[in-house]
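In what follows, a single structure is set out as structure tokens and then discussed.
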Amino acid sequence: MTASASMGLLPREFYRRDPREVAPGLLHQVLVAGPCSGLIVEVEAYCGSADPASHTFRGPTRRNATMFGPPGHLYVYFTYGMHWCANVVCGDEGEGVAVLLRALRPLAGVDEMWRRRPAARRERDLCAGPARLCQALDLDGGHDGDDLVTGEEGVGIVAGDVPAPVEVVRTTRVGISAATDEPWRWYVAGDPNVSRPRAPQPVGPSGRRGRP
DNA sequence: ACCGGGATGTTCT
DNA sequence: GAACATCCCGGTG
């Protein structure tokens, strides 16, 4: 993959915006990684110094260097001692903002995804979750910093030939303990590949869940 | 379906 | 030393 425009790769300017704008715009675009690809159906925005849940909230570190770099690159990080997660760097260089890719609908290379994810039981489990999609598409620290615009390292995002989603749901983000009220998660309504159909409900004083 | 617990190690305070 | 942008498995209804 080397000829960006001819392959329909999204241009640098697409990413050079607030991640809360980019995130919903990524729904129904196609993430390509080597022989595999998937339709993006769930994303979250992380907003740098304005966002206590963002890796870049406290400034530059070794790990988050890519996120402070130019937009349109992949930021891949390791967590929980065993999982990788992939983001798309947004905004301008130095802002430290990005969009986390949380779920895909498998399109191409599905056999390869099954091989890499023996724990999956159904096709919709292959890429339903940020660490699952990285496992399925073989994204790890070796892809941190890869340029999605040139596609030179084999990863890119191309304009989907599927129409924009009919209905998009906006909720709070998943799996964080800070800024839990910010509605910076978007997913395609009704898509079975979404990792969690609902956002987690707040836990009340009784320890019980959900609605009073 | 929904829950709880364990795995596992890097990163930053 | 604590936290962690998670996942999987095995329990119970």
A:D191 and salt bridge (charged side-chain N to carboxylate O under 4.0 Å, His left out): which partner among A:R196, A:R102, A:R105?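 Answer to the salt bridge (charged side-chain N to carboxylate O under 4.0 Å, His left out) test with A:D191 among A:R196, A:R102, A:R105: A:R105.
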
Hey, does A:R185 have a side-chain heavy atom less than 4.5 Å from the side chain of A:V43?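 A:V43 vs A:R185: side chains apart.
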
Within the structure provided, determine whether A:L104 and A:V41 are in side-chain contact (heavy-atom separation under 4.5 Å).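 A:L104 vs A:V41: side chains apart.
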
Show every side-chain hydrogen bond (donor to acceptor under 3.5 Å, both in side chains) that has at least one partner inside residues 122-139 of chain A, sequence neighbours left out.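 Only A:R117-A:Q135, A:R122-A:D125 qualify under side-chain hydrogen bond (donor to acceptor under 3.5 Å, both in side chains).
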
Mind checking what makes side chain to side chain donor-acceptor pair (under 3.5 Å) contact with A:H143, not counting sequence neighbours?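 Side chain to side chain donor-acceptor pair (under 3.5 Å) check on A:H143 returns A:D146.
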
Steps toward side-chain contact (heavy atoms from CB on, under 4.5 Å) verdict (A:L39, A:V162): CA-CA 9 Å; A:L39 198 69; A:V162 176; 4.2 Å; yes

Close N/O contacts between protein and nucleotides 10-13 of chain B (under 3.5 Å):
from	atom 1	to	atom 2	distance (Å)
B:dC12	OP1	A:T61	OG1	2.2

Chi angles and distances behind the side-chain contact (heavy atoms from CB on, under 4.5 Å) call for A:E153, A:H73: CA-CA 11 Å; A:E153 293 97 343; A:H73 291 252; over 6 Å; no

Return a single string for nucleotides 6-13 of chain C, one symbol per nucleotide in 5' to 3' order, where B is base contact, S is sugar-phosphate-only contact and - is none, cutoff 4.0 angstrom on heavy atoms. BSS-----

Base-paired stems in DNA chain B, each at least three Watson-Crick or G-U pairs under 3.5 Å: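 DNA chain B stems, ordered by first number: B:1-7 with C:6-12, B:9-12 with C:1-4.
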
Please list, in numerical order, the residues of residues 41-53 of chain A that have a heavy atom closer than 4.0 Å to any atom of DNA chain C.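 Correct list: A:Y46, A:A53.
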
C:dA5 phosphate, OP1 or OP2, under 4.0 Å from A:S54 side-chain N/O: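 Looking at the OP1 and OP2 atoms of C:dA5, neither is under 4.0 Å from any side-chain N or O of A:S54.
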
Taking the six-membered ring for Trp and the full ring for Phe, Tyr or His, determine whether the centres of A:H55 and A:Y46 are under 6.0 Å apart.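 Ring centres of A:Y46 and A:H55 not closer than 6.0 Å.
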
A:R16 NZ/CZ over A:F14 ring centroid, <6.0 Å and within 45° of normal: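 Checked: cation-pi criterion not met.
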
Test item: side-chain donor near acceptor, A:T172 and A:E182, under 3.5 Å: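 No.
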
Run the side-chain hydrogen bond (donor to acceptor under 3.5 Å, both in side chains) test on A:N64 and A:T56 for me, step by step, so that the C-alpha distance in whole Å, both residues' side-chain angles and the decisive distance to 0.1 Å come before the verdict. CA-CA 6 Å; A:N64 66 24; A:T56 51; 5.7 Å; no

A quick test of your reading: do over 12 heavy atoms of other residues, nucleotides or ligands sit less than 6.0 Å from CZ of A:R170?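 Result for CZ/A:R170: enclosed.
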
